[in-house]
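These notes concern the structure reproduced below.
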Amino acid sequence: MQRGSPASAGYNQFFHRDFQNNSVIPPMQEKYHPNQIEQATQQYWEESAAFRVTEDAARPKYYCLSMLPYPSGKLHMGHVRNYTIGDALSRHHRMRGFNVLQPMGWDAFGLPAENAAMANNVPPAKWTYDNIAYMKQQLTSLGFALDWKREVATCTPQYYKWNQWLFLRMLEKGIAYLKTGAVNWDPVDQTVLANEQVIDGRGWRTGALIEKREIPMYYLKITDYADELLEALDTLPGWPERVKTMQANWIGRSQGVRFAFPYVLDGKEDKLWVFTTRADTIMGVTFCAVAAEHPLAAHAARNNPKLAEFIEECKHGSVMEADMATMEKKGMPTGIFVDHPLNGEKIEVWVGNYVLMGYGEGAVMAVPAHDERDFEFAQKYGLPIKPVIALPGLSYSLGAWQAWYADKERGVCINSGKYDGLAYPAAIDAIVADLKAKGLGELRTTYRLRDWGISRQRYWGCPIPIIHCKTCGAVPVPDDQLPVVLPEDCVPDGSGNPLRKRADFVDCACPKCGQPAQRETDTMDTFVDSSWYYARYCCADNASAMVDARTDYWMPVDQYIGGIEHAILHLLYSRFWTRVMRDMGLVKYDEPFARLLTQGMVLNEIFFRKPNVDKGGGRIVYYNPTEVEHRLDDKGNRVPGGAVLKADGQPVESGGIGTMSKSKNNGVDPQALVDRYGADTARFFMMFAAPPEQTLEWSDAGVEGSYRFLKRLWAFGHSVQEAVRSAKAIPAKLDGVLANVRREIHLNLKQADYDIGKHQFNTVASAAMKILNALEKAPRQGDGHAAVIAEGMSILLRLLAPITPHVCHALWRELGYGDDILRAAWPAPLAAALAQDEIELVLQINGKLRGNLRLPADATQQAIQAAALASDSAQKYLEGKAAKKVVVVPGRLVNIVC
RNA sequence: GCCUGGAUGGUGAAAUUGGUAGACACAAGGGACUUAAAAUCCCUCGGGCUUAACGCCCAUGCGGGUUCGAUUCCCGCUCCAGGCACCA
């Protein structure tokens, strides 16, 4: 590492290096040969173990982490974008003196491996490991500064052993527990499907109508941490506001009232509990709705075949929230009545397809006058609507829903007996007091957040370490028998979890009583794997503990980089898991990711063909955009619906544009780009295309420009090699043209520093291009010209090194700056180079641009005003009138208002 | 449906967060070099009006508003993207 602190490290230090010791300089290639340069550079990094890091208390650490990829087969442009951002940040911090850790691993369990297994009759394990080998080579060829000694693959027993171990600890503490949950059941394949595998309510392979099934699953009590997860968002200034907003809304803490409708059924007294945030409208309840699985619904259905049929129909519905929210709301009366807790009125209970058993109480109160969904439901079924909130000057109408019906800010209770005239807070207080007195309700905080169900009825995942014994029940696997190893030779066939057929896996002895017993065959959600891998990188070689003291050095992650699609689930689960580990004394931090950069998605077109459901279904087939061609009209524009598959000339449907993914087959393999132009061009182009956080529709138009730039950079380096190698220090007094060139370079460096602070690498790339433009135009003679070029080139190479490390490494050596640009210090703009005597101000008249003013840099407000008023433009537009007002923005403009 | 973002030339984008809209590039057109091609270099390049030249008007998805001044702030829309708990 360089001497001195990052801030003081001057770029002029290269003049003190061994410039004279250049007796043996191999001739520099005249042309840019990226493949040779990149191979040689990568070999140098490999041999010098350039990116191996260890803990070093003497230096500030910088843990730079990109989200680990799912090994789907090949990298796609989203990966290149993600990892280039991370690599640029890593290399930049390294040049600024930080001890940088940048690891990589594989989110290696998951559904695509099972699908590939079915398609190709290959075990998921083999498919996964092959993909890892190929993608690792791709990452290496892109030149990412990764410490591969810390590599982690979540499908290895060495890794997932600790999932199992911590799960057992959670079970002991009651954080993990068993409860039923709804899954998608394909009755033909007799298997549970992921949401993604259900298309328009049908199984993707069988076309069969999917049923909801309630099965026992393990859940993690993330809701116990809801308050902390919400409140700690304020401790994360390095996170994007939008991510914090999304998480806060997801947790959805709300104050409300849990209360009950008493009833008598078959001579037995009971209560129907519901929750509401609008207790001020309780007097407007005209019916209640319960889920199809609710005991009251089941009771009513016993001698009501039509209701039983409706309940059956509800069970065919989707488990997905988006479907629940958009589907047609249907219901049917049960004939059961409950008592209104405040006025004793009889309230009928309905079964509603929009009420979910798993959430809250599985029952809701309905106030059609003040809830839009209830309003529509009541209109549809002719149920009474009783307004109990009024706004002055507005009259309630049953014709159509008005936004003010739900206004709780300005509304006042009416038709509510003793509560009439009360506003929202007072009404709630009074109503809660009365409910409480009757023992029928109380204030309660609730959360939208639900506990995390982790059981998956799938093979390719981490086995849940439980043994089922006829006498002892569900028995945890003892620690000394961990890990429960997943057999790696299964090939799923789509008809359920193949583990169930593996006697050598399932059959075992009960750890408690020793009797024959069966192993749990459910595996864990893959979000478990990715909830703590960042901690494991710090100590990936430790076989005897989940984490060790090295995590105390590296954690928390200083900069986490990943797609915005993970804004909620992965990041929230990781924050939860971290807290569980903290509360068990395993780690010492609250938050795993100090700063977060959410990369915008890289999108591409989606094309597919749907199977004909009438002919028995079958799965949707997606076609890569490269397999599709388009009919064009006279003007060369695409004809809508004119997409056809090249292979057979038959039409394909357009699925719009969406994230590059394996499942939509719309990924673009960067390999062609790397083969043709080299990794540096691919990296530069990806950074130049758009700012990191912005969504990016993929197009390789423009990649030529990035390649051209690197060719020009090399050619320029070649042409100034001698001048740079023999350059002296910059003279105290530069002539005007050279001073301007130098100023331009330092100005762009200053701008680039600012932009790097914002992670805006596209304008950093622009600044590099502007610097090269300036250098190319610089005079090649005159006192100090070589020194200015040598300094400028050293700035340019170091500025670019994080983005295009190979070509910068090679040029750094060829031009004699030093052996290894990795050890060079980050450049700093110099005030002396930036100084100027005169500045240009914009002259506006009434806010419109009317000219420019050149003034001394130190001109006073008064002098600027006087100069502005005296200018020709001002005289022309003022026409002798006096200015009403003159606005001076220092360093920028003068606006004369007249 | 709900939550969160986004929309600027033919295209990707920039505008130091209220101060010259379109930097830097791509594509296109014209030219130079070349036997030719590639590569490279130079010029033009938002729309309109006008001029010999200077210049003027319009323009940042749509409609309003605040301001000396709005791509930027506020209100109301449209479309697109991400998420919605079993894709990862």
Side-chain angles (χ1 to χ4, degrees), chain A residues 31 67 69-70 72 107 109-112 115 181 183-184 192-198 240-243 245-246 248-250 252 319-327 372-373 448-458 525-527 530 563-570 572-573 598 600-601 603 656-659 661-664 685 688-691 693-697 699 701-706 708-709 711-712 715 750-751 754-755 758 760 762-763 765-770 773 840-849 851-852 884-887 889 892-898:
Chain A
K31 283 199 173 145
M67 287 180 187
Y70 178 79
S72 56
D107 190 15
F109 275 137
L111 203 52
N115 297 334
V183 295
N184 306 301
V192 174
L193 296 182
N195 286 337
E196 186 189 53
Q197 298 171 312
V198 181
E241 278 309 317
R242 66 161 154 162
V243 174
T245 306
M246 281 190 264
N249 290 341
W250 184 261
V319 298
M320 282 180 267
E321 187 192 297
D323 292 338
M324 296 297 290
T326 50
M327 72 183 180
E372 192 168 6
R373 186 179 63 184
R448 212 185 74 91
L449 179 69
R450 310 196 299 258
D451 278 341
W452 176 13
I454 60 156
S455 293
R456 297 290 179 270
Q457 297 69 44
R458 261 187 275 291
D525 180 6
T526 56
F527 275 125
S530 56
I564 184 65
E565 79 271 27
H566 293 297
I568 297 173
L569 292 181
H570 161 62
L572 195 63
Y573 290 148
T598 42
M601 302 284 81
L603 312 180
I657 49 174
T659 313
S661 72
K662 180 89 182 165
S663 61
K664 297 283 194 293
F685 176 61
F688 184 60
E693 306 220 81
Q694 191 165 309
T695 303
L696 180 64
E697 264 180 64
S699 160
V703 69
E704 286 283 350
S706 297
R708 207 172 291 155
F709 167 67
K711 280 196 287 192
R712 268 171 56 209
K750 191 178 172 192
Q751 182 64 47
Y754 177 81
D755 292 343
K758 291 194 296 180
Q760 192 173 291
N762 56 326
T763 48
S766 290
M769 287 175 150
K770 289 178 188 173
N773 290 346
E840 194 161 281
L841 292 178
V842 162
L843 176 64
Q844 292 184 342
I845 316 282
N846 288 332
K848 285 187 191 289
L849 173 66
N852 296 300
K884 281 183 194 151
K885 186 175 174 185
V886 181
V887 181
V889 183
R892 288 206 163 268
L893 61 70
V894 188
N895 187 18
I896 298 171
V897 185
C898 60

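To find a chain, count down the sequence lines: A is the first, B the second, and so on, and within it residues start at 1. Values below: all heavy atoms of this structure, side chains included; hydrogens, waters and symmetry mates excluded.
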For this session: With heavy atoms under 4.0 Å as the rule, sort A/Arg373 into base, sugar-phosphate or nothing.
Result: nothing

Seminar exercise, completed: Across every strand shown, the nucleotide meeting Watson-Crick or G-U wobble geometry with B/U17 (both distances under 3.5 Å) is none

Exercise. Using a cut-off of less than 4.0 Å, is there contact between a side-chain N or O of A/Lys848 and OP1 or OP2 of B/C58?
Worked result: yes

For this session: Write down the distance separating the C1' atoms in B/A25 and B/A37, rounded off to the nearest Å.
Result: 26 Å

Problem set entry | Closest to the A/Met246 side chain, choosing from B/A14, B/G82, B/C80 | B/G82

For this session: Once you apply the 3.5 Å cut-off to both distances, tell me the Watson-Crick or G-U wobble partner of B/G69, or none.
Result: none

Exercise. Does a nitrogen or oxygen in the side chain of A/Gln694 sit under 4.0 Å from OP1 or OP2 of B/A13?
Worked result: yes

Exercise. Under 4.0 Å between a side-chain N/O of A/Asn762 and OP1 or OP2 of B/A14, yes or no?
Worked result: yes

Problem set entry | Pairing partner (Watson-Crick or G-U wobble, both distances under 3.5 angstrom) of B/G61 | B/C77

Exercise. B/C68 base to A/Asn895 side chain: any donor-acceptor pair below 3.5 Å?
Worked result: yes

For this session: Give the rounded distance in Å between these two atoms: CD1 of A/Ile657 and P of B/G12.
Result: 11 Å

For this session: Using a heavy-atom cut-off of under 4.0 Å over every strand shown, decide if A/Leu449 touches base, sugar-phosphate, or nothing.
Result: base

Problem set entry | A/Gln197 side chain vs A/Ala194 backbone, donor-acceptor pair below 3.5 Å | yes

Exercise. Under 30°, 30 to 60°, or over 60°: which ring-plane class applies to A/His570 and A/Phe527, parallel, tilted or perpendicular?
Worked result: parallel

Exercise. Looking across every strand, which nucleic acid part, if any, lies under 4.0 Å from A/His566 by heavy atom: base, sugar-phosphate, or nothing?
Worked result: base

Problem set entry | Nearest listed nucleotide, side chain of A/Glu196, among B/G82, B/C87, B/C86 | B/C87

Problem set entry | N or O in side chain of A/Asn249 less than 4.0 angstrom from B/U4 OP1/OP2 | yes

Problem set entry | Gap between atoms CD1 and C1', on A/Ile845 and B/G55 respectively (whole Å) | 15 Å

Problem set entry | Spacing of the C1' atoms in B/C33 and B/C43 (rounded, Å) | 15 Å

For this session: Using the P atom as the reference point in each nucleotide, state the distance between B/A59 and B/G64 in Å, no decimals.
Result: 11 Å

For this session: Let me know the distance between CE of A/Met320 and P of B/C2, rounded to the nearest Å.
Result: 19 Å

Problem set entry | B/C86 OP1/OP2 closer than 4.0 Å to side-chain N/O of A/Arg456 | yes

For this session: Check whether any side-chain nitrogen or oxygen of A/Arg242 sits under 4.0 Å from OP1 or OP2 of B/G6, and answer yes or no.
Result: no

Problem set entry | side chain to side chain donor-acceptor pair (under 3.5 Å) between A/Ser663 and A/Glu196, intermediate numbers included | CA-CA 9 Å; A/Ser663 61; A/Glu196 186 189 53; 3.2 Å; yes

For this session: Enter syn or anti for the glycosidic conformation of B/G63, syn applying to angles within 90° of 0.
Result: anti

Seminar exercise, completed: Picking from B/C86, B/G83, B/A85, the nucleotide nearest the side-chain atoms of A/Glu565 would be B/G83

For this session: Scan A/Ala689 against the nucleic acid and name what it touches under 4.0 Å (heavy atoms): base, sugar-phosphate only, or nothing.
Result: sugar-phosphate

Exercise. When we call it a touch if two heavy atoms are under 4.0 Å apart, what does A/Thr326 touch: a base, just sugar-phosphate, or nothing?
Worked result: base

Seminar exercise, completed: Re B/G22: Watson-Crick or G-U wobble partner, both distances kept under 3.5 Å, found to be none

Exercise. On a whole-Å scale, what distance lies between the P atoms belonging to B/U17 and B/A28?
Worked result: 37 Å

Problem set entry | Test item: A/Asn846 side-chain N/O and A/Cys898 main-chain N/O as donor-acceptor pair under 3.5 Å | yes

For this session: Please determine, for the side chain of A/Phe688, which listed nucleotide (B/C86, B/A25, B/A14) has the closest atom?
Result: B/A25

Exercise. Are OP1 or OP2 of B/U16 and a side-chain N or O of A/Lys758 less than 4.0 angstrom apart?
Worked result: no

Exercise. Which part of the nucleic acid, if any, lies within reach of A/Lys711 when heavy atoms closer than 4.0 Å are counted: base, sugar-phosphate only, or nothing?
Worked result: sugar-phosphate

Problem set entry | Separation of atom CD1 in A/Ile564 from atom C1' in B/G6, rounded to whole Å | 12 Å

For this session: Identify whether any heavy atom of A/Val183 sits under 4.0 Å from a base atom; if not, whether one sits that close to sugar-phosphate; answer base, sugar-phosphate or nothing.
Result: base

Problem set entry | Point-to-point distance, once rounded to the nearest 0.5 Å, from CE of A/Met601 to OG1 of A/Thr659 | 5.5 Å

Exercise. With a non-hydrogen cut-off below 4.0 angstrom, is A/Asp755 in contact with a base, only sugar-phosphate, or nothing?
Worked result: nothing

For this session: Quote, to the nearest angstrom, the C1' distance that separates B/A39 from B/A32.
Result: 14 Å

For this session: Grab the CD-P distance between A/Gln844 and B/C68 for me, whole Å please.
Result: 14 Å

Exercise. Under a 3.5 Å cut-off for both distances, is B/U51 Watson-Crick or wobble paired, and to whom?
Worked result: none

Seminar exercise, completed: As its Watson-Crick or G-U partner within any shown strand, both distances under 3.5 Å, B/C84 has B/G1

Exercise. For A/Gln760, does its backbone N or O pair with a side-chain atom of A/Asp755 as donor and acceptor, under 3.5 Å?
Worked result: no

For this session: Select base, sugar-phosphate, or nothing to describe what A/Trp250 touches, counting heavy atoms under 4.0 Å on all strands.
Result: base

Exercise. Touch check for A/Gly658, heavy atoms < 4.0 angstrom, all strands: base, sugar-phosphate only, or nothing?
Worked result: sugar-phosphate

Problem set entry | Same-atom distance (C1') from B/C77 to B/A7, integer angstrom | 14 Å

For this session: Select base, sugar-phosphate, or nothing to describe what A/Leu111 touches, counting heavy atoms under 4.0 Å on all strands.
Result: sugar-phosphate

Problem set entry | Rounded C1' spacing from B/U60 to B/G22 in Å | 9 Å

Problem set entry | Nearest-angstrom distance from the residue atom CG of A/Leu193 to P of B/A85 | 15 Å

Problem set entry | Interatomic distance at C1', B/U71 relative to B/G19, whole Å | 13 Å

Problem set entry | Closest listed nucleotide, where the reference is the side chain of A/Val889 and the choices are B/G12, B/G19, B/C87 | B/G19

Seminar exercise, completed: Across every strand shown, the nucleotide meeting Watson-Crick or G-U wobble geometry with B/C41 (both distances under 3.5 Å) is B/G31

Exercise. Tell me: CG of A/Asp525 to C1' of B/A88, nearest whole Å?
Worked result: 10 Å

Seminar exercise, completed: Here the gap from A/Arg456 atom CZ to A/Asp525 atom CG, rounded to the nearest 0.5 Å, amounts to 4.0 Å

For this session: Determine the contact category for A/Phe709: base if any of its heavy atoms lies under 4.0 Å from a base atom, sugar-phosphate if only primed atoms, P, OP1 or OP2 are that close, otherwise nothing.
Result: nothing

Exercise. Base, sugar-phosphate alone, or nothing: which one does A/Thr659 contact when heavy atoms must sit under 4.0 Å apart?
Worked result: sugar-phosphate

Exercise. Looking at B/C86, does its base get a donor-acceptor pair with the side chain of A/Gln457 below 3.5 Å?
Worked result: yes

For this session: Could you check whether A/Glu241 gets within reach of a base, just the sugar-phosphate, or nothing at all, counting any heavy atom under 4.0 Å?
Result: nothing

Seminar exercise, completed: Closest to the side chain of A/Pro691, out of B/U16, B/G1, B/A14, is B/A14

Exercise. Using purine N1 to pyrimidine N3 plus N6-O4 or O6-N4 for Watson-Crick, or N1-O2 and O6-N3 for G-U wobble, each under 3.5 Å, what pairs with B/A36?
Worked result: none

Problem set entry | From B/G12, B/C26, B/A23, nucleotide with atom closest to A/Ser766 side chain | B/A23

